[in-house]
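Just so it is clear, the structure is predicted and the values come from calculations on it, not from any experiment.
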Amino acid sequence: AQSVTQLGSHVSVSEGALVLLRCNYSSSVPPYLFWYVQYPNQGLQLLLKYTSAATLVKGINGFEAEFKKSETSFHLTKPSAHMRDAAEYFCAVSEGNAGNMLTFGGGTRLMVKP
Amino acid sequence: NAGVTQTPKFQVLKTGQSMTLQCAQDMNHNSMYWYRQDPGMGLRLIYYSASEGTTDKGEVPNGYNVSRLNKREFSLRLESAAPSQTSVYFCASRGLGKDEQYFGPGTRLTVT
């Protein structure tokens, strides 16, 4: 069985500061890992994904994440936060099976202060 | 190309009423999914359809039924709504051989 834990349901940073959103997973097989972003009253949009290629993955809007197998982590970072980054972020894992079902973490709401 | 569309956007039901949430995708995707989103719990899979003609239970299927009407459409039915089914429901689809799922805008359902 797979599971995802996102540490911190709310994270607040100042504009221009580093963004770090934490994600740890458990999986019985090499996982596929995803970060999605949800802006208010919208659906989820894919930020980036890891599917067993390079461990440092770059996504849209300046975000990146590093897969660390030894730590079972896939933390999301951005060097400099913008006001428009305020949203909810979800980490998800898939074991790449036939249904490719995603298991999501509880989400982290990012607030950006001016 | 509208992607994944869902109707309705909002719905209020009384306990015991039934309704069907509609989902359609125009990306020729094989797989489709229904999730519910509740605060602090992320999204949980209700049912999915790996391909046209097949459906399978996800993590939280009780109280729901689904129909994969054709390759484009995947509906979710609540036969007898309960307050515990108050949630935001998302439909998603995935192309054959692809990893990522594409999500619709969601349906906000309140059961009183």
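- At a 4.5 Å heavy-atom cutoff, the contact between B:Leu45 and chain A is made by side-chain atoms alone.
- Within the 4.5 Å cutoff, side-chain heavy atoms of A:Met101 are placed close to those of B:Tyr48.
- When B:Leu43, B:Thr54, B:Asp56 are compared by the number of non-hydrogen pairs under 4.5 Å with chain A, B:Leu43 comes out ahead.
- Near-neighbour residues of residues 14-23 of chain B relative to chain A, defined by a heavy atom under 4.5 Å from a heavy atom of that chain, are none.
- The stretch residues 39-50 of chain A places A:Asn41, A:Gln42, A:Gly43, A:Leu44, A:Leu46, A:Lys49 near chain B, each with some heavy atom under 4.5 Å from a heavy atom of that chain.
- One hydrophobic cluster, built from ILVMFWY side chains closer than 4.5 Å, cannot hold both A:Phe34 and A:Leu56; they sit in different ones.
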(request) Quick one: do B:Gln101 and A:Tyr36 satisfy side-chain contact (heavy atoms from CB on, under 4.5 Å)? Show the steps, please. (result) CA-CA 10 Å; B:Gln101 296 180 18; A:Tyr36 282 86; 3.9 Å; yes
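- In this structure, B:Tyr102 is not a member of the same hydrophobic cluster as A:Tyr89, with clusters built from ILVMFWY side-chain heavy atoms closer than 4.5 Å.
- Contacts with chain B were tallied for A:Ala92, A:Cys91, A:Gly105; A:Gly105 has the most, counting heavy-atom pairs under 4.5 Å.
- Residue A:Arg22 qualifies as open at atom CZ: its count of foreign heavy atoms under 6.0 Å is 12 or below.
- If you measure heavy-atom distances from A:Ser9 to chain B, you find no contacts under 4.5 Å at all.
- A chain of hydrophobic side-chain contacts below 4.5 Å, direct or via other Ile, Leu, Val, Met, Phe, Trp or Tyr residues, connects B:Leu78 to B:Ile46.
- With a 4.5 Å cut-off on side-chain heavy atoms, B:Phe90 and A:Gln38 count as touching.
- Linking ILVMFWY side-chain heavy atoms closer than 4.5 Å, directly or via other members, places A:Val4 and A:Trp35 in a single hydrophobic cluster.
- Separation of atoms OH (A:Tyr32) and CG (B:Asp99) is listed at 5.5 Å; rounding is to 0.5 Å.
- Highest contact tally toward chain A, considering only B:Lys98, B:Gln37, B:Arg108, is held by B:Gln37 [criterion: heavy-atom pairs under 4.5 Å].
- For the atom pair CG (A:Leu102) and CD (B:Glu100), the distance works out to 10.0 Å, reported to the nearest 0.5 Å.
- Counting heavy-atom neighbours within 6.0 Å of B:Met41 CE, excluding the residue itself, gives a total of 12 or less.
- Residues A:Tyr25 and A:Val57 share a single hydrophobic cluster, defined by chaining ILVMFWY side chains whose heavy atoms lie under 4.5 Å apart.
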